[in-house]
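Computed from a prediction, not measured in an experiment: that's the story for all the values here.
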Amino acid sequence: MKTTPLNSSSTATSTGLFRGWLVVAGAFAVTFVGFGCAYTFSAFLESLQKDFGASRGSVSLVFSLAGFLYFGLGVLSGPLADRWGSRRLAVAGMVLVGLGLAVASQAHSLTQIYLAYGLGVGLGVGASYVPVLGAVQRWFVRRRGFASGLAVSGIGVGTLVMPPLASFLIEQLGWRHAYLALGILAAVVGVGMALLIENDPRDRGLGPDGDPPQPQAASARPEGFTVRDAVRSRRFAGLYAACLISSFGLFVPFVHLVPYALDHGVASTSAVLLLGAIGVGSTAGRFFLGGLADRMGRPHTMLLMSTGMALSLLVWAVSGGFWGLAVFAFAYGVFYGGFVALLPALVMDYFGGRNISAIIGVLYTSVAVGTLVGPSAAGFAFDISHSYMLPILFSVGANLVAAAIMGAMSRMDSRADSRLGAASAKLASPTPAGGTVGNDSTTARRL
């Protein structure tokens with residue numbers, strides 16, 4: 001049933017708050033709860049290993065399974081969100097996260113943890129992440145980068161807040177009751193805030209950024225590519241290649257920075273703080289670099305993000321003490337946070353809002369592969385060489401290749417804009433009878 005557009009005056013509070021910012025708040029809460037609960041896993045690892053008599057590798061596989069599903073499921077949840085609406089997927093995802101954690105609290109074997117946490121949390125985050133990002137993109141144009149950054153900053157803030165909370169709950173209640181408490185939190189806060197998600201500003205009688213809607217916009221479909229046309233385009237191929245190559249090294253620090261620090265004599269209590277430094281930097285990057293990209297241009301800013309991650313990884317390669325590693329962690333977090341915040345906005349810029357969630361979902365399969373392969377390959381490389389130098393240098397190279405791809409795409413965009421501008425100028429100029437307006441229009445359409 002089609003939603004009846006509301007009068008634009010009904011979309012604002014008495015203070016004139018644009019409804020899109022409530023959608024951003026809902027997306028922030030969904031990413032905060034979903035990824036925050038997921039990233040508490042390290043706090044539970046020792047308890048699970050002890051209670052089930054399992055190896056660290058077998059327990060870590062729980063997180064690997066969930067992590068793969070975070071990004072891989074977007075290829076399904078994206079199209080479903082475009083068809084059914086983002087709110088339904090977000091609510092369902094938060095219910096799955098809460099249910100998975102609650103069932104995990106009753107597990108009597110590691111296999112049951114795989115099923116409850118790995119599938120419950122993995123499917124829950126995967127079902128909600130891409131749909132809420134897609135919804136935010138439709139509500140903004142001028143401030144899309146900033147709004148997207150605010151939405152995904154929930155991941156960084158959740159990484160800062162939720163693991164310490166989990167550690168406190170484990171100490172006070174035990175790991176089973178801690179999982180149950182987190183499950184209730186996910187169900188209450190996550191589901192409640194997910195209800196703020198709305199798919200399209202036109203359903204509220206608005207255009208993006210709170211502007212008046214264009215004539216007949218309420219009945220028209222959003223502009224943009226079909227999924228088929230998008231994935232067959234050179235822009236999508238370039239983005240997919242850049243994300244795939246970059247993601248092989250993207251999550252290596254999240255898994256191996258603490259072991260590296262311990263190997264170099266950093267105290268365990270200090271080593272754990274390095275992940276917090278990535279979280280602080282990531283939150284800062286998501287907040288501030290989105291606004292910078294709105295002014296500077298997202299393709300150019302994405303190039304800087306990949307270059308920045310590569311340079312910061314070089315700091316890791318030459319650091320052995322806590323403060324050097326802390327500088328790396330914060331700097332890497334800033335550029336990583338910017339990368340994650342800008343990617344959905346860039347997809348919207350390139351392909352429009354018609355199938356934005358589905359296109360983001362297909363793109364994120366590249367990140368899913370990198371998440372599954374990169375950190376584990378780095379671990380195997382360490383097992384063979386007893387050094388992290390090769391994985392670090394590979395991650396540097398991967399980000400530089402991704403930056404080169406983004407640079408090539410940026411130059412291609414500039415040339416296309418120039419050709420389109422020239423074609424438009426010819427169309428606007430007086431044309432003698434029998435001229436070539438039709439040919440110029442054809443050229444413009446090809447661009």
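Of all non-hydrogen atoms in S233 and A230, the two that sit nearest each other are OG-O, 2.6 Å. Contact detail for M94 and S128: the closest heavy-atom pair is CE-OG, 3.6 Å. Closest approach of N399 to M309, counting heavy atoms only: OD1-CE, 3.4 Å. Residues A107 and I113 share a closest heavy-atom pair of CB-CD1, 3.5 Å. Looking at every heavy atom in both residues, M406 comes nearest to L346 through CE-CD2, 3.8 Å. Scanning all heavy atoms of the two residues, the minimum distance from L185 to M162 falls at CD2-CE, 3.5 Å.
Looking at S77, its side chain does come within 3.5 Å of a backbone N or O of G126 through a donor-acceptor pair. Listed for the Y117 side chain is a donor-acceptor partner under 3.5 Å among the backbone atoms of A38. Within the 3.5 Å criterion, the main-chain N or O of P131 finds a donor-acceptor partner in the side chain of S86. No donor-acceptor pair under 3.5 Å is formed between the side chain of Q172 and the backbone N or O of F168. Remark: side-chain polar atoms of S385 are paired, donor with acceptor, to backbone N or O of S387 under 3.5 angstrom. Here the side chain of S153 pairs a donor or acceptor atom with the backbone of L150 at under 3.5 angstrom. A donor-acceptor pair is defined here as one N or O able to donate and one able to accept, closer than 3.5 Å; no such pair exists between the side chain of T301 and the backbone of L342.
One distance of note links CZ of F328 with OG of S312; it measures 5.5 Å at 0.5 Å rounding. Of the inter-residue distances, the one linking L22 atom CG with L195 atom CG reads 12.5 Å to the nearest 0.5 angstrom. For the atom pair Y70 OH and Y129 OH, the distance stands at 12.0 Å (nearest 0.5 Å). Put simply, CG on D263 and NE2 on H386 are 11.0 Å apart, with the number rounded to the nearest 0.5 Å. With values rounded to the nearest 0.5 angstrom, L80 atom CG is found 6.5 Å from L76 atom CG. Here the OG atom belonging to S366 is positioned 10.0 Å from the CG atom belonging to L250, to the nearest 0.5 angstrom.
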- [ ] Step by step, work out the side chain to side chain contact (heavy atoms under 4.5 Å, CB included) result for L239 and L363.
- [x] CA-CA 8 Å; L239 274 180; L363 178 63; 4.1 Å; yes
TODO: Go through the steps to decide whether L133 and Y364 satisfy the test side chain to side chain contact (heavy atoms under 4.5 Å, CB included), and finish with yes or no.
DONE: CA-CA 12 Å; L133 290 186; Y364 276 1; 3.8 Å; yes
TODO: Would you sort out whether Y332 and S282 count as a side-chain hydrogen bond (donor to acceptor under 3.5 Å, both in side chains), showing the intermediate values?
DONE: CA-CA 8 Å; Y332 186 83; S282 174; over 6 Å; no
Task: F351/R235 under side chain to side chain contact (heavy atoms under 4.5 Å, CB included): CA gap, chis, key distance, verdict - done: CA-CA 9 Å; F351 306 114; R235 279 175 167 172; 4.0 Å; yes
- [ ] Apply side chain to side chain contact (heavy atoms under 4.5 Å, CB included) to I384 and L390, showing your working.
- [x] CA-CA 11 Å; I384 295 172; L390 181 61; over 6 Å; no
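R176 is linked by a salt bridge (Lys or Arg N to Asp or Glu O under 4.0 Å) to nothing, counting only residues two or more places apart in sequence or in another chain.
In this structure the side chain of V369 reaches within 4.5 angstrom of the side chain of L244, judged on heavy atoms. With a 4.5 Å cut-off on side-chain heavy atoms, I405 and M409 count as touching. Looking at heavy atoms from C-beta onward, C243 lies in side-chain contact with F339 at the 4.5 angstrom threshold. At least one side-chain heavy atom of M302 sits under 4.5 Å from a side-chain heavy atom of L343. Side-chain atoms of E198 and W139, non-hydrogen and from C-beta on, do get closer than 4.5 Å to each other. Here the side chains of I278 and P253 are in contact, with some heavy-atom distance below 4.5 Å. Here the side chains of H177 and L169 are not in contact, with every heavy-atom distance at 4.5 Å or above. For the pair F251 and V367, the minimum side-chain heavy-atom distance is below 4.5 Å.
Residue pairs satisfying the salt bridge (charged side-chain N to carboxylate O under 4.0 Å, His left out) criterion with at least one member in residues 325-351, sequence neighbours excluded, are listed as follows: R144-D349, R298-D349.
Using cut-offs of 30° and 60° for the angle between ring planes, the F28 and F32 rings count as parallel.
Taking the six-membered ring for Trp and the full ring otherwise, F236 and F225 have centroids separated by 6.0 Å or more. Aromatic pair W21/F140: centroids less than 6.0 angstrom apart. For an aromatic pair to be called close, the ring centres must be under 6.0 Å apart, and Y260 with W316 satisfies this.
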